[in-house]
> 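What follows is a structure written as structure tokens; I'll ask about it next.
The figures that follow rest on heavy atoms only: side chains count, while hydrogens, waters and symmetry mates do not.
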Amino acid sequence: MKMNFSRRYLCLWLPSGSVAVGIVVLGGLLKGHHAPRHTPDARSRTNVPVTSVGYRGRTHDESATLEIHADATRTAQVDLTEHMALEEAIARVAPQPALFDPSPILPPSWRLWGRLATSPAPVTSATDAAILAGAFHSAQGMTLCLVNRSAEKKELRLLIRLPQGVYKCERLTFSPSDAPVVAGEPARPEVRPVAQQTGATAEQPPSAEPAAQLERLQGPVISSTANIHKSFVLLPGHACLYRFTDEAQASRSALNETYDRLSDMARQTPGPAHRLRHILEEADQVRGSLSPGNGKSTGARLSGIHRLLLVTAQVQSMQRNYQQRRNVNAEQGAALMGALERLTDALAETSSALLEIVPQIVATEERAAPVDPSSVASGKPAAPRHLIVTMSLTNLGKQSVSMVKLGLDTASLPAGTVCEPDDPAYFGAVHPGQSVRAAFRLRCPADSALPAN
């Protein structure tokens with residue numbers, strides 16, 4: 001049973017009890033200057049309370065562990081002063097990366113990525129003026145923001161209370177320009193940043209660690225409200241955003257949106273709209289796989305989600321044909337395709353979270369050679385930029401995955417960009433606890449703007 005996938009995510013198959021996974025991704029910091037992908041529904045929550053607990057085990061000779069508790073099941077009162085102080089502290093170490101064109105109109109991409117415009121949640125942190133902490137939540141999930149304003153590293157132990165859901169967990173860390181990003185999370189073996197692969201020449205050594213680093217961590221699958229523990233070290237001057245996204249909720253939201261777009265299209269072109277709706281309704285009996293606390297086993301939920309993925313791919317294919325033949329209104333057709341893409345992404349993320357498959361993507365720009373003033377004066381085109389995109393896939397689940405492919409969606413790259421190699425890397429199987437990785441080199445025109453994803 002083949003599951004088709006969109007640009008950034010996994011393609012999941014489930015033939016005869018085995019699982020095959022493919023991934024087509026373009027790395028980076030997920031710095032898109034777009035509104036949040038999912039619209040909060042009527043159950044949207046607001047700010048998360050953060051509470052101060054204090055240090056444990058402080059001695060003269062060893063650093064203490066700072067406990068921070070955040071509760072995404074409750075709403076905190078908004079303190080505008082603290083909120084502004086937190087955003088200003090993050091902004092001081094979170095400049096727009098050179099890989100993406102900054103927008104002078106939209107707010108900083110990390111603010112959109114972290115969903116900081118949603119409601120505050122209660123946070124309890126130690127009475128340490130050097131640590132700023134704040135949390136925000138909605139129906140989409142929760143983000144915990146941390147800033148270390150001190151001159152010493154802080155060992156943090158996070159206890160995060162989340163409602164039931166299937167969560168994707170990501171950690172975005174910003175470091176000062178003169179300090180490297182260091183990630184550390186003992187406990188279960190989560191994905192670490194992948195070391196830069198071969199591709200940089202001796203004459204052009206790779207640049208220093210980027211100021212921003214996005215890590216994908218193991219996300220929890222929660223059947224009822226539960227506490228999640230995370231531990232790591234926050235270095236001096238660093239800022240960190242932990243983001244939990246309920247992908248099952250995102251799938252339900254995208255599925256509802258798809259039905260809404262079909263209803264809109266049916267007003268002008270009822271024939272195509274009804275045919276597409278009929279195909280989509282073939283998977284209605286498995287919609288319960290996206291509902292939390294439904295009592296289904298992981299295998300049953302995966303089977304239902306894969307059925308939804310298959311039906312969605314069929315609807316996408318037919319809708320693409322309708323658009324090419326101009327059988328549907330162009331604007332309504334584009335809106336439906338957007339909803340179908342969001343549904344595919346969310347279903348794929350939900351499936352990978354249930355399988356405990358964790359992708360990791362790192363994009364690093366190679367240091368450019370010194371600019372020759374004579375070439376600038378003569379009007380010669382600037383030298384192309386070179387990037388190394390390294391991706392890995394870690395199987396933290398209990399079953400092996402086969403036919404794994406790691407590659408870039410070259411069709412989404414700007415004109416003139418060359419990917420070497422242009423074929424995906426193929427791996428026969430990834431067993432529980434194993435990781436695979438591949439590296440690709442991009443040669444881009446100097447004035448090209450890479451897509452935000």
Side-chain angles (χ1 to χ4, degrees), residues 1-5 9-23 38 72 139-142 160-170 187-191 216-230 244-255 282-313 343-360 393-404 427 429-436:
M1 182 182 296
K2 181 177 180 179
M3 301 305 144
N4 211 348
F5 236 93
Y9 302 109
L10 304 173
C11 302
L12 304 174
W13 314 28
L14 197 64
S16 305
S18 63
V19 182
V21 183
I23 179 169
H38 315 297
Q140 298 166 253
M142 170 192 170
I160 302 170
R161 188 166 181 81
L162 295 170
Q164 58 186 5
V166 179
Y167 290 94
K168 175 175 67 176
C169 179
E170 298 161 289
R188 295 197 58 174
E190 296 180 343
V191 176
R216 177 74 170 269
L217 308 177
Q218 185 179 10
V221 178
I222 305 173
S223 57
S224 61
T225 301
N227 294 324
I228 306 302
H229 298 271
K230 297 288 181 182
F244 294 86
T245 302
D246 185 353
E247 293 295 342
Q249 188 279 332
S251 297
R252 297 193 300 272
S253 176
L255 185 57
E282 291 179 4
D284 273 357
Q285 68 272 19
V286 297
R287 290 183 67 172
S289 301
L290 301 176
S291 301
N294 56 16
K296 291 186 176 183
S297 66
T298 299
R301 297 187 73 178
L302 283 168
S303 178
I305 291 170
H306 293 169
R307 172 66 177 165
L308 279 165
L309 273 166
L310 183 63
V311 169
T312 302
L343 176 58
T344 301
D345 284 355
L347 288 172
E349 287 286 8
T350 305
S351 184
S352 64
L354 288 169
L355 285 166
E356 299 184 84
I357 295 172
V358 182
Q360 181 75 15
L393 191 70
T394 300
N395 183 1
L396 298 177
K398 298 179 180 179
Q399 56 181 323
S400 299
V401 294
S402 57
M403 296 175 63
V404 175
F427 303 90
V430 183
H431 303 291
Q434 290 186 338
S435 297
V436 292

> Write down the atom of A353, the atom of V221, and the distance for their closest heavy-atom approach.
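Closest approach of A353 to V221, heavy atoms only: O-CG2, 3.8 Å.
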> Short question: side chain of N395, backbone of V430 - any donor-acceptor pair under 3.5 Å?
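Confirmed, N395 side chain pairs with V430 backbone.
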> Looking at every heavy atom in both A72 and M142, which two are closest together, and how far apart are they?
CB-SD, 3.4 Å
> Identify, with sequence neighbours excluded, every residue that meets side chain to side chain contact (heavy atoms under 4.5 Å, CB included) alongside T298.
L302, L354
> How close do S400 and P432 get, heavy atom to heavy atom, and via which atoms?
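Smallest interatomic distance, heavy atoms only, reads OG-CD, 3.5 Å.
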> At what distance, to the nearest 0.5 angstrom, does CD1 of I222 lie from CD of Q164?
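These two atoms lie 9.0 Å from each other.
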> Please tell me if the side chains of R252 and R287 come closer than 4.5 Å, counting only heavy atoms from C-beta onward.
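Of all side-chain heavy-atom pairs linking R287 with R252, none is under 4.5 Å.
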> H306 versus L309: any side-chain heavy-atom pair under 4.5 Å?
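Yes. Closest side-chain heavy atoms under 4.5 Å.
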> Given side chains that start at C-beta, do those of R301 and V166 come closer than 4.5 Å, heavy atoms only?
yes
> Output yes when E282 and R307 qualify as a salt bridge under the 4.0 Å nitrogen-oxygen rule, no when they do not.
yes
> Does E247 offer a backbone N or O that forms a donor-acceptor pair with the side chain of T350 under 3.5 Å?
yes
> Are L217 and V358 packed together at the side-chain level, in the sense that at least one heavy-atom pair is separated by less than 4.5 angstrom?
no
> Given side chains that start at C-beta, do those of S289 and L308 come closer than 4.5 Å, heavy atoms only?
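Sidechains of L308 and S289: no contact.
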> Quick check for you: to the nearest 0.5 Å, what is the distance between S251 atom OG and D246 atom CG?
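The distance works out to 8.5 Å.
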> Do R216 and S352 come close enough that some side-chain heavy atom pair is under 4.5 Å?
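Yes, at least one pair of side-chain atoms sits under 4.5 Å.
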> Starting at CE of M403, measure out to CZ of F427 and round the result to the nearest 0.5 Å.
14.0 Å
> Side-chain contact, heavy-atom cut-off 4.5 Å: Q360 with T394?
no
> What is the minimum heavy-atom distance between L162 and P220, and which atoms define it?
CD1-CG, 4.2 Å
> Drop me the distance from I357's CD1 to Q399's CD, to the nearest 0.5 angstrom.
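The distance works out to 7.5 Å.
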> Is L347 close to L290 at the side-chain level, that is, under 4.5 Å between some pair of heavy atoms?
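L290 reaches L347 side chain to side chain.
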